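Here is the structure we will look at.
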Amino acid sequence: MTITAPFAGFVPTPDRSRESLRGPGNRAIKALVVDDEQTLAELVGLALRFEGWDIRLAGDGKSAITAAREFRPDLVILDVMLPDMDGMEVLRRIRAEIDHLPVLFLTARDSVEDRIAGLTAGGDDYVTKPFSIEELVLRLRALLLRSKLNVSTNSSALSVGDLTLDEDTREVFRGGESIQLTATEFELLRFLMRNAKRVLSKAQILDRVWNYDFGGQANIVELYISYLRKKIDAGRDPMIHTVRGFGYVIKPAAGA
């Protein structure tokens, strides 16, 4: 749909066939929308919230700079013409504090000179008004994927409570905090998380993680479970539990 005034009655519909993007630690992407046209800014914000993103709005340059400093966005959608200063000056001030921050300019001006000026000022992309909300979202997704931000898609991520494991990047986070695992610890945690809330016997774990037939090697499982607990559960509500006489289970911490 093309965004034109008065925008009434438009409800963006997320594309369920498209994988949602996630930021570092599997947190929501943070986007700052800066435009003095409140209705337009709210509509863009609504569309991006349907993508699962965390959104902040600002209506002028000064509030945009303050919001960027406090919110630390992953990208900015920035109107070129603002009531107190132009968007290029806003970009310069924001980039002075947050280097490599992807920025997409919005503008009513469509001349080649204006596009060159915006890109020369450091903008990463440029969309003229009126614009298609679907195109805007696609451009923002592409901008994130080619940026230096550590962006991942949900397809490779396993989540149990506040614990996430990315099978592609082999990164593990709990509550947004990075956890470093050895190769064997990672494989053990992946097997537990793929079977979350299901009790797994020591024999099953040995067979899938170590490829051993069960035969007196259960102490290996116990040893590596203890290693994982020290890294995953230390100082936190436990997620890895022993089921006496059978094996182990991972599930969200109490209250999660």
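A quick note: this is a predicted structure, and the numbers were derived from the prediction, not measured.
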So, Q180 versus S178: side-chain donor-acceptor pair below 3.5 Å or not?
yes
Validation row: M85, I65 side chains within 4.5 angstrom (heavy atoms):
yes
Sidechain N-carboxylate O distance under 4.0 Å for D84, K62:
no
Identify, with sequence neighbours excluded, every residue that meets ring pair (Phe, Tyr, Trp, His ring centres under 6.0 Å) alongside F71.
none
Heavy-atom side-chain proximity of F50 to I133 below 4.5 angstrom
no
Any carboxylate oxygen within less than 4.0 angstrom of a Lys/Arg side-chain nitrogen, looking at E222 and K202?
yes
Presence of salt bridge, E177 and R174, under 4.0 angstrom:
no
Please step through salt bridge (charged side-chain N to carboxylate O under 4.0 Å, His left out) for the pair E187 and R190, ending with a clear verdict.
CA-CA 5 Å; E187 293 303 326; R190 173 158 60 179; 2.7 Å; yes
If you count heavy atoms of other groups shown closer than 6.0 angstrom to NZ of K251, is the number above 12?
no
Could you check whether R229 and T242, counting side-chain N and O atoms only, form a donor-acceptor pair closer than 3.5 Å?
yes
With a 4.5 Å cut-off on side-chain heavy atoms, are I55 and V33 touching?
yes
Ignoring hydrogens and angles, tell me if any N or O in the side chain of N195 forms a donor-acceptor pair with the backbone of R198 under 3.5 Å.
no
Minimum side-chain heavy-atom gap V44-D35 below 4.5 Å:
no
Just by modelled atom types, is the L82 backbone N or O under 3.5 Å from a matching donor or acceptor in the D79 side chain?
no
For the side chain of D86 and the backbone of V80, is there at least one donor-acceptor N/O pair under 3.5 Å apart?
no
Does the D74 side chain pair with the main chain of L144, one donor and one acceptor, at a distance under 3.5 Å?
no
Looking at E37 and K129, is there a salt bridge between them, counting it only when a charged N and a carboxylate O are closer than 4.0 Å?
yes
How about NZ on K30, more than 12 heavy atoms from neighbouring residues, nucleotides or ligands closer than 6.0 Å, or not?
yes
